[in-house]
Amino acid sequence: MRPLDPRLLRRTRAVRPLLAADVALGLCTVVPIVAQAALLARIVATAFAGDPVATRDLVLLALAFAARGALGWAMEVTGRRAAGSVMSELRLGVLARRLRAHPLALDGTGSGELAAVAVQGVDALESHFARSLPQLVLAALVPPAIIAWVAALDLESAIVMALTLPFVPVFMWLIGRASAQRAAERGDALRRLSAQFLDVVRGLPTLRAFGRGSEQAARVADAGDAYRRATLSTLRLAFLSGAVLELAATLGVALVAVTAGVRLADGSLGLQTGLTVLVLAPELYLPLRRLGAEYHASADGLAVAERLLELLDAPPEVPARGRAPAPDPAQVPVRLERVSFAYPARAAPVLADLDLELAPGETVALVGASGAGKSTVAALLAGLLAPTSGRVLAGGVDLATCDPAAWRARVAWVPQHPVLLRASVADNLALGAPRASRAQLRAAARLAGADGVIARLPDGYDTIVGDGGRALSPGERRRIALARALARDTPLLILDEPAADLDPEAVAHVAATIARLGGERTLLVIAHRPELAAGADRVLRLERGAIVPEPLRAAA
């Protein structure tokens with residue numbers, strides 16, 4: 001990835017003010033660099049001639065040194081502040097993009113990779129914006145200014161500088177190509193390690209139950225060792241490139257110094273001019289040397305930014321929709337019309353020309369074998385997937401023309417594997433209804449049969465659950481997720497296996513709740529339990545991507 005990729009400029013508003021500030025500060029930095037060289041040469045030449053050194057020159061030299069240090073500090077501070085804004089924008093952009101366009105992550109991007117890229121990976125960009133980018137500006141501004149100043153004093157020395165300077169960028173380009181490849185390999189190794197570790201942590205109970213913990217530990221160790229090797233390989237290249245760049249810069253300075261020294265010796269070059277050239281020669285190569293050193297520190301960040309931009313530019317799973325108002329499922333039927341859908345990882349489509357209609361206030365139970373596409377139907381109705389072909393209609397209005405946020409505001413969904421955020425129980429219940437009162441949340445919990453579960457928690461509704469919080473059983477999580485959907489109070493309620501992991505008493509409670517909601521809301525219940533299907537107005541079986549009507553007794 002280029003240091004100033006146009007995609008990065010388009011996606012991060014903070015980069016452009018940072019570039020403007022860096023250019024302005026870089027132009028200001030040229031002045032004290034040239035001034036301190038000229039003043040230092042004049043002071044030394046004056047002292048060598050035996051004349052008294054002017055106090056004004058000493059004061060100006062001190063001010064030049066101070067100004068140069070202050071401007072360097074200002075460039076780094078500006079870069080770090082802008083880096084914070086850029087990192088926040090990238091993280092929020094990836095989060096918003098995944099939520100809106102890839103809610104089910106069908107592209108195969110795992111949560112471990114996203115965590116590695118959006119947290120540790122984005123942090124690596126700070127070095128790029130705080131140090132590498134300012135050095136890039138200085139490398140573009142300082143050498144031409146120095147050559148122009150030297151040309152005004154001594155054209156021959158300026159020509160030598162202009163001829164030797166390109167060797168350093170050439171070496172930087174050659175080494176940079178290898179560095180980018182190594183940084184990408186290191187980023188891939190880190191993502192594999194993060195994904196492997198996350199999978200092991202999530203599957204610890206299963207691994208212990210099957211006695212495979214030691215084998216997985218070895219796999220994590222192998223992934224860690226691959227990351228270590230990639231890191232050491234990157235460091236070796238960084239040290240090697242640093243030595244090469246130092247050698248190229250040193251040779252360039254030596255050539256300038258030798259030619260100037262010879263001309264000083266034969267008297268064709270004045271002492272003050274020669275000293276000015278000798279002082280400015282190291283300054284000519286310094287920005288490029290520092291840029292080479294900082295590039296390796298920012299290479300990881302650039303590699304991560306490349307992956308971030310790939311995620312941001314990936315084709316959406318849910319295409320952009322219109323902005324028409326969403327119909328109310330309480331007033332109009334919801335229909336899947338000749339809908340087909342295929343997952344990228346599957347050769348055959350899951351649904352093929354599926355027709356399904358939910359009348360307002362109707363309770364429909366959808367049954368079928370595992371993998372038949374029942375959860376896909378739920379995701380299509382919730383607006384989390386877009387059909388490969390066909391239409392999802394509400395009152396004859398194609399939902400592809402409606403505002404997706406407005407439609408989802410009318411739908412509550414309990415997924416097959418509900419997730420609780422790291423927050424209090426009350427905050428989890430209020431996730432879809434942020435304005436709900438505590439009394440309304442309690443009522444939803446009672447309706448879902450979760451009030452008893454919550455009452456047994458140490459702090460009740462204020463108990464922290466989710467990752468790192470109070471551990472809950474699958475059945476307890478499912479009841480809280482059902483209460484969360486009921487608290488949303490939407491006209492369309494989709495329940496995907498709401499009775500899984502529940503004991504018979506809880507299943508009976510959920511069945512009674514579904515029966516109670518019948519007629520009040522439009523319900524789609526994906527069920528394996530006959531108790532849930534028995535209370536439905538219709539029971540439909542999904543086979544080979546098509547709906548087959550089924551009598552209620554068949555559900556038993």
Side-chain angles (χ1 to χ4, degrees), residues 26-27 29-65 67-69 72 135-175 239-294:
L27 289 172
T29 303
V30 173
V31 177
I33 290 176
V34 174
Q36 73 182 28
L39 288 168
L40 186 59
R42 185 163 65 185
I43 291 171
V44 172
T46 301
F48 188 79
D51 298 329
V53 178
T55 305
R56 183 187 62 180
D57 290 344
L58 294 175
V59 173
L60 290 175
L61 181 61
L63 291 176
F65 275 105
R68 184 175 179 180
Q135 284 301 321
L136 179 63
V137 173
L138 291 178
L141 297 177
V142 172
I146 290 177
I147 292 176
W149 180 263
V150 172
L153 300 176
D154 179 44
L155 183 59
E156 187 174 336
S157 296
I159 293 174
V160 174
M161 288 183 172
L163 292 176
T164 57
L165 181 64
F167 287 102
V168 178
V170 168
F171 281 118
M172 289 178 59
W173 176 75
L174 292 174
I175 296 172
F239 289 136
L240 175 63
S241 64
V244 171
L245 292 178
E246 288 292 333
L247 177 61
T250 302
L251 291 176
V253 173
L255 287 173
V256 175
V258 167
T259 56
V262 170
R263 296 171 60 219
L264 275 171
D266 63 17
S268 61
L269 184 64
L271 178 59
Q272 183 173 337
T273 301
L275 289 174
T276 303
V277 171
L278 291 176
V279 173
L280 285 176
E283 298 290 352
L284 177 70
Y285 301 96
L286 183 61
L288 294 173
R289 290 161 58 189
R290 289 185 174 175
L291 176 61
E294 296 296 344

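Counting begins at 1 with the first residue of the sequence. Quantities reported herein were computed from a predicted structural model and do not represent experimental measurements.
- At least one side-chain heavy atom of T164 sits under 4.5 Å from a side-chain heavy atom of Y285.
- From Q36, atom CD reaches atom CD1 of I43 across 11.0 Å, with rounding to the nearest 0.5 Å.
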Validation: residues 151-159 side-chain donor-acceptor distances under 3.5 Å, sequence neighbours left out:
from : atom 1 : to   : atom 2 : distance (Å)
D154 : OD1    : R263 : NH1    : 3.3
D154 : OD1    : R263 : NH2    : 2.6
D154 : OD2    : S157 : N      : 3.2
D154 : OD2    : S157 : OG     : 2.4
D154 : OD2    : R263 : NH1    : 2.5
D154 : OD2    : R263 : NH2    : 3.4
E156 : OE1    : R263 : NE     : 3.4
S157 : OG     : R263 : NH1    : 3.4

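- Here the side chains of L63 and V59 are in contact, with some heavy-atom distance below 4.5 Å.
- Atoms CZ and CG, from F65 and L40 in turn, are 6.0 Å apart once rounded to the nearest 0.5 Å.
- Just one of I33, L165, L141 meets the side-chain contact (heavy atoms from CB on, under 4.5 Å) condition when paired with I146; it is I33.
- If you take OG1 on T259 and CG on L255, they are separated by 7.5 Å, rounding to the nearest 0.5 Å.
- Considering all non-hydrogen atoms of both residues, A139 and L288 come closest at CB-CD2, 3.7 Å.
- Residues satisfying the side-chain hydrogen bond (donor to acceptor under 3.5 Å, both in side chains) test with S268, not counting sequence neighbours, are D266.
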Distance-only donor-acceptor pairs under 3.5 Å for side chains of residues 270-278, two or more places apart:
from : atom 1 : to   : atom 2 : distance (Å)
T276 : OG1    : Q272 : O      : 2.8

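- Using a 4.5 Å heavy-atom threshold, the side chains of L284 and I147 count as touching.
- What you find for T46 and P52 is that their closest heavy atoms are CG2-O, 3.5 Å.
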